[in-house]
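Reading through the structure tokens given below for one structure.
Just so it is clear, the model here is predicted, and its values are computed rather than measured. For this chain, numbers begin at 1 and follow the sequence in order. Start at 1 and go down the list; that is how both ligands and their atoms are numbered.
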Amino acid sequence: MKPLALFGGTFDPVHLGHLSVAWEAAELLDAEVRLLPAHVPPHKPPPLADAEQRVAMLHAALQKQDRLAVDTRELRRSGPSYTYDTLCELRAELGARPLVLLLGVDAFAGLPSWHRWRELFEVAHLGVLSRPGVEPELPHTLWAEIEARRTGDVAELHARPAGRVIELAVTPLEISATRIRELLAAGRDPRYLLPCGLFEDPALLAPYRKA
Ligand code: ATP
């Protein structure tokens, strides 16, 4: 059974950096990948686009392909969305099907501040995506937890439901939503940093443009 991989984020807005790494992760892991927009990111300022607008952008971005999908379950919950709770919910639905949480290396370095982070490995594997310009020092507690879990072999992730950590060397694309918000606020047109579907309806990028 193909693993299900989740790629969580604010997606404020979704950009080609997200889509490209999610796509390559799907290929490298031979997995179904779902983008999982977060309702209230516990560690970030609130998004400029509301939940509905971010989902509309994700749908516009994911047209004409069937490898990547959107999963809006965290947005249907009120209050902060803990990844651990989401993974437990999915684990209950999936039975023994492998589940992989995909994280950029910047997000991975911050893992020890997450709710019940050590228990994440009981419900999912972790796929760590390289990100250009970001080579964070991993905290000692994180190293200690992942040392025995690291593998370079995708087959190990297919063979069990959870518990392994794999690094995925994806093509580096130095694109961030922060930069895109800055460009749009300055009246610029970051056409080739964003999926073309986001330009089809002017309302989609309106939350980022200055009136
Ligand atoms: P912001 O600039 O607002 O912080 P972001 O571009 O980092 O946003 P998020 O929605 O916060 O996007 O990121 C969701 C996930 O995508 C995180 O795990 C992050 O590490 C990863 N990610 C975002 N952009 C890239 C990229 N260009 N390459 C690899 N991973 C990325």
Side-chain angles (χ1 to χ4, degrees), residues 5-29 31 33-51 53-62 68-75 80-84 86-87 99-115 117 120 124-139 142 146 165-186 188 190 192-195 198 204-205 207-208:
L6 289 179
F7 188 43
T10 321
F11 304 116
D12 184 34
V14 60
H15 55 68
L16 290 180
H18 297 128
L19 296 182
S20 173
V21 296
W23 186 270
E24 287 196 24
E27 287 186 321
L28 291 169
L29 294 173
V33 172
R34 292 191 201 160
L35 305 189
L36 183 80
H39 191 28
V40 183
H43 55 287
K44 277 182 149 186
L48 292 185
D50 65 26
Q53 290 168 322
R54 289 181 289 126
V55 171
M57 287 188 279
L58 282 162
H59 285 301
L62 296 178
L68 307 178
V70 190
D71 188 324
T72 56
R73 70 183 60 225
E74 291 196 345
L75 300 177
S81 35
Y82 290 117
T83 303
Y84 176 74
T86 304
L87 293 175
L99 180 60
V100 186
L101 177 66
L102 298 172
L103 288 176
V105 67
D106 50 323
F108 178 62
L111 197 70
S113 66
W114 291 23
H115 178 62
W117 71 276
L120 291 177
H125 300 293
L126 236 65
V128 183
L129 307 160
S130 47
R131 188 168 180 182
V134 190
E135 277 174 37
E137 193 146 330
L138 299 186
L142 185 55
I146 65 165
V165 177
I166 192 163
E167 283 163 48
L168 300 170
V170 290
T171 306
L173 280 180
E174 199 163 351
I175 303 175
S176 73
T178 303
R179 177 73 183 140
I180 287 166
R181 290 192 298 272
E182 284 168 5
L183 290 170
L184 287 165
R188 300 263 302 272
Y192 298 112
L193 301 179
L194 291 170
L198 296 201
L204 289 172
L205 293 174
Y208 310 105

Thr10, any N or O under 3.5 Å of ligand 1 N or O: yes
Test your reading of the structure: does Val105 have an N or O sitting under 3.5 Å from an N or O of ligand 1? no
Protein heavy atom at shortest distance from [atom]:
atom: atom 21 (C) of ligand 1; answer: Phe7 CZ, 3.7 Å
atom: atom 4 (O) of ligand 1; answer: Lys44 NZ, 2.9 Å
atom: atom 15 (C) of ligand 1; answer: Gly8 O, 3.5 Å
atom: atom 22 (N) of ligand 1; answer: Arg131 NH1, 3.5 Å
atom: atom 8 (O) of ligand 1; answer: Ala177 CB, 3.4 Å
atom: atom 20 (O) of ligand 1; answer: Asp106 OD1, 2.6 Å
atom: atom 9 (P) of ligand 1; answer: His18 NE2, 3.6 Å
atom: atom 2 (O) of ligand 1; answer: Thr178 OG1, 2.4 Å

Closest non-hydrogen atom pair between [X] and [Y], with its separation:
X: Leu48; Y: Asp12; value: N-OD2, 2.8 Å
X: Pro13; Y: His18; value: O-CE1, 3.7 Å
X: Ala51; Y: His39; value: CB-ND1, 4.5 Å
X: Leu102; Y: Phe7; value: O-CD1, 3.6 Å
X: Met57; Y: Tyr208; value: CE-OH, 3.1 Å

Under 4.0 Å, heavy-atom basis, I'd like to know which part of [X] is in contact with ligand 1: side chain, backbone, both or neither.
X: Arg181; result: side chain
X: Ser20; result: neither
X: His15; result: side chain

Let me see the working for Ser130 and Val170 under side chain to side chain contact (heavy atoms under 4.5 Å, CB included), right down to the final yes or no. CA-CA 6 Å; Ser130 47; Val170 290; 3.8 Å; yes
Would you call Leu173 a ligand 1 contact, heavy-atom distance under 4.0 Å? yes
When you measure from the heavy atoms of Leu129 to every atom of ligand 1, does any distance fall below 4.0 Å? no
[X] (side chain) donor-acceptor with [Y] (main chain) under 3.5 angstrom:
X: Arg54; Y: Ala38; value: yes
X: Thr72; Y: Leu75; value: no
X: Asp71; Y: Leu36; value: no

Passes side chain to side chain contact (heavy atoms under 4.5 Å, CB included), Leu193 versus His15? Steps please. CA-CA 6 Å; Leu193 301 179; His15 55 68; 5.7 Å; no
Interfacing atoms of ligand 1 (cut-off 4.0 Å, heavy-atom, [X]):
X: Gly9; value: 10 (O), 14 (C)
X: Gly104; value: 18 (O), 20 (O)
X: Val21; value: 28 (N), 29 (C)
X: Ser176; value: 2 (O), 6 (O)
X: Ser130; value: 29 (C)
X: Ala107; value: 18 (O)
X: Gly17; value: 27 (N)

Evaluate the side chain to side chain contact (heavy atoms under 4.5 Å, CB included) criterion for residues Leu173 and Val21: first the C-alpha distance (whole Å), next the side-chain angles of each, then the deciding distance (0.1 Å), finally the verdict. CA-CA 9 Å; Leu173 280 180; Val21 296; over 6 Å; no
Spacing of CG belonging to Leu184 relative to CD belonging to Glu182, to within rounding of 0.5 Å: 10.5 Å
Reported CG-to-CD1 distance for the pair Leu194 and Ile180, which is rounded to 0.5 angstrom: 4.0 Å
